[in-house]
Amino acid sequence: MLAPFGWSAVVGQWQFAPVVTALVAVSLVLYLWGVRRVARKHQNRPWPVWRTGLFVGGLAVIVIATESGVGVYDDLLYWDHMVQHLMLLMVAPPLLIAGQPMTLLMHASRNPLHTWTKRALRSKVASFLTWPVFGAVAYTAAVVGAHLSGVANLVESSETLHNAEHAVFLVIGYLFFLPILGKEPIRWRLSYPMRFVILVLIMPVDTFTGLILGYGGTGAPGLDTGPRPAWAPSPLADLHAGGAVMWIAGDGIMFGLMMLVFLMWSRDERAATSGHGWLERARAASMAGLVSSHQPIAAATAGATASGAGEDGGAGAAEPAPAVARAARWSDRGGIDDDEHLADYNAYLARLNQSGPESRQ
């Protein structure tokens with residue numbers, strides 16, 4: 001008989017999963033070995049401590065989801081089962097990705113391991129598995145299949161399939177989020193707007209799955225309707241709570257990842273200065289066209305101002321010429337610089353305002 005589920009149960013109830021423990025221990029040892037090796041090879045550029053912390057945090061999430069009270073109660077409480085799935089699908093993978101284990105391996109290793117790793121990451125198999133379309137389809141199939149189909153009943157009837165489901169969620173989560181949140185040397189390089197769009201498009205999968213479960217009946221796949229402890233909710237209430245977890249918590253995590261993409265975009269100097277993004281190209285083309293359309297007016301205004309200044313004794317006769325010359329240079333070189341361009345364009349507008357009343361006289 002299990003005690004009522006709560007924070008004390010999460011911390012106090014543990015179960016030993018030998019496969020999970022072994023894989024986590026091996027991953028941790030190999031990662032720390034790579035960190036130490038990079039520190040020896042590149043003393044001026046050691047591996048970032050924060051990346052090590054995030055990777056270790058991802059391993060800790062896996063252990064908590066499978067061996068702590070979350071894993072102990074997942075066969076009894078449907079809503080706890082949903083919490084476990086979100087931890088393995090949406091929490092642990094982004095943390096592991098932020099640790100950049102493949103990049104660390106390449107920095108820490110020598111040939112031929114370095115070359116083999118690079119070739120493996122750029123191979124056709126790896127390119128297909130990290131293809132964003134494949135990741136999105138796999139994510140959708142995993143969420144829908146594990147909760148709304150007969151697969152859920154098979155998983156609940158077999159401990160082996162149940163453990164395999166945990167591994168599938170972790171792998172699919174890693175493959176899906178890798179091209180969106182990661183910087184590993186894979187084939188795919190997505191623009192930040194595209195990363196955001198993918199997250200927006202995949203969010204309804206969690207939403208609709210949660211809504212269907214939230215309004216489902218006792219015949220929902222994977223729901224245990226057998227005897228329960230007196231403190232446990234009824235099967236129907238448990239199912240509805242699980243749907244709420246998938247809907248609210250799943251969408252909340254996804255929204256947080258969207259904000260993370262925006263933060264990565266704002267801190268990426270290459271995206272801000274290279275001009276390769278579609279938004280930057282559109283902005284540059286619009287501003288360049290605006291400048292070129294006003295060049296004849298600028299030249300005419302410069303001539304009128306020069307002739308007027310000549311009549312007044314020549315004071316300031318050459319003042320507008322630099323602005324016109326710079327406008328010509330912008331057009332010739334096919335690009336613009338934000339600060340210089342905006343400053344000169346504002347000066348040009350100021351001259352138009354000053355010369356307007358005189359021209360009307």
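Sequential numbering from 1 along the given sequence is applied to the chain's residues. Since this is a predicted model, take the numbers as computed values, not measurements.
Atoms CD1 and CG, from Ile186 and Leu178 in turn, are 4.0 Å apart once rounded to the nearest 0.5 Å. In this structure, OG on Ser109 lies 9.0 Å from CG on Leu104, to the nearest 0.5 angstrom. Atom-to-atom distance recorded for Leu239:CG and His147:NE2 is 11.0 Å, nearest 0.5 angstrom.
Between Arg187 and Thr130 there is no side-chain heavy-atom pair separated by less than 4.5 Å. Side-chain contact between Leu59 and Leu96: present, with at least one pair of heavy atoms (C-beta onward) separated by less than 4.5 Å. Taking the side chain as every heavy atom from C-beta outward, Leu263 and Ser266 approach each other to under 4.5 Å. Side-chain contact between Leu89 and Phe177: absent, with no pair of heavy atoms (C-beta onward) separated by less than 4.5 Å. In this structure the side chain of Tyr78 never reaches within 4.5 angstrom of the side chain of Glu156, judged on heavy atoms. Ile198 is listed as a side-chain neighbour of Leu190, based on a closest heavy-atom distance under 4.5 Å. In this structure, the side chains of Pro94 and Ile180 stay at 4.5 Å or more apart for every pair of heavy atoms. Between Leu2 and Pro229, the closest side-chain pair of non-hydrogen atoms is not below 4.5 Å.
With sequence neighbours left out, the side-chain hydrogen bond (donor to acceptor under 3.5 Å, both in side chains) criterion links Glu67 to Thr21. In this structure Ile212 satisfies the side-chain contact (heavy atoms from CB on, under 4.5 Å) test together with Leu148, sequence neighbours excluded. Phe208 is linked by a ring pair (Phe, Tyr, Trp, His ring centres under 6.0 Å) to nothing, counting only residues two or more places apart in sequence or in another chain. With sequence neighbours excluded, the residues that form a side-chain contact (heavy atoms from CB on, under 4.5 Å) with Met106 are His114, Thr117, Lys118, Leu121, Pro185. Listed by chain and residue number, Phe196 satisfy the ring pair (Phe, Tyr, Trp, His ring centres under 6.0 Å) test with Phe262 (two or more places apart in sequence, or in another chain). Tyr139 pairs by the ring pair (Phe, Tyr, Trp, His ring centres under 6.0 Å) definition with Phe176, not counting sequence neighbours. Trp50 meets the side-chain contact (heavy atoms from CB on, under 4.5 Å) test with Pro48, Leu54; sequence neighbours excluded.
Between the side chain of Arg122 and the main chain of Ser127, no donor-acceptor pair closer than 3.5 Å is present. Here the side chain of Ser157 pairs a donor or acceptor atom with the backbone of Leu154 at under 3.5 angstrom. Using modelled atom types, one side-chain atom of Glu184 and one backbone atom of Thr103 make a donor-acceptor pair closer than 3.5 Å. Of the possible polar contacts, one joining the Thr207 side chain to the Met203 backbone as a donor-acceptor pair under 3.5 Å is found.
Leu77 is connected to Trp14 through a chain of hydrophobic side-chain contacts under 4.5 Å among Ile, Leu, Val, Met, Phe, Trp and Tyr, so both are in one cluster. Residues Val91 and Leu28 are members of one and the same hydrophobic cluster, defined by side-chain heavy-atom contacts under 4.5 angstrom among Ile, Leu, Val, Met, Phe, Trp and Tyr. With hydrophobic clusters built from ILVMFWY side chains whose heavy atoms lie under 4.5 angstrom apart, Leu30 does not share a cluster with Trp116. Both Val205 and Met90 sit in one connected hydrophobic cluster of ILVMFWY residues. Membership requires side-chain heavy atoms under 4.5 Å apart, directly or through other members. Cluster membership for Ile202 and Ile97, using ILVMFWY side-chain heavy atoms within less than 4.5 angstrom, is shared.
Apart from Val29 itself, the hydrophobic cluster it occupies contains nothing, where clustering links Ile, Leu, Val, Met, Phe, Trp and Tyr at side-chain heavy-atom distances under 4.5 Å. Grouping Ile, Leu, Val, Met, Phe, Trp and Tyr by side-chain contacts under 4.5 Å, direct or through others, puts Val197 with Leu201.
Shortest non-hydrogen contact noted between Met264 and Leu181 is CE-O, 3.6 Å. Across all their heavy atoms, Leu88 and Ala65 have their closest contact at CD2-CB, 3.9 Å. The two atoms that bring Ile62 and Thr66 nearest to each other are O-OG1, 2.8 Å, heavy atoms only. Here the shortest heavy-atom pairing between Ala120 and Ala126 reads O-CB, 3.1 Å. Of all the heavy atoms in Val143 and Met246, the pair that sits closest is CG1-CE, 4.3 Å. For the pair Leu213 and Met82, the tightest heavy-atom approach, listed with the atom from each and the gap, is CD1-CE, 3.9 Å.
Taking the six-membered ring for Trp and the full ring otherwise, the centers of Trp79 and Phe5 sit less than 6.0 Å from each other.
Within 6.0 Å of atom CH2 in Trp247, 12 or fewer heavy atoms from other residues, nucleotides or ligands are found, so the atom counts as exposed in its surroundings. More than 12 heavy atoms of other residues, nucleotides or ligands shown are found within 6.0 angstrom of CZ on Arg189.
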Pairs of donor and acceptor atoms involving the side chains of residues 161-172, under 3.5 Å and at least two apart or interchain, shall be tabulated with distances.
residue, atom, partner, partner atom, Å
His162, ND1, Asp75, OD1, 3.2
His162, NE2, Asp74, OD2, 3.1
His162, NE2, His166, NE2, 3.3
Asn163, ND2, Glu159, O, 3.3
Glu165, OE1, His85, NE2, 3.3
His166, NE2, Gln84, OE1, 2.9

Donor-acceptor pairs under 3.5 angstrom involving side-chain atoms of residues 34-44: please list them, not counting sequence neighbours.
residue, atom, partner, partner atom, Å
Arg37, NE, Ala108, O, 2.4
Lys41, NZ, His107, O, 3.2

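Applying the salt bridge (charged side-chain N to carboxylate O under 4.0 Å, His left out) test to residues at least two apart or on different chains, the pairs with a partner in residues 236-255 are Arg228-Asp238.
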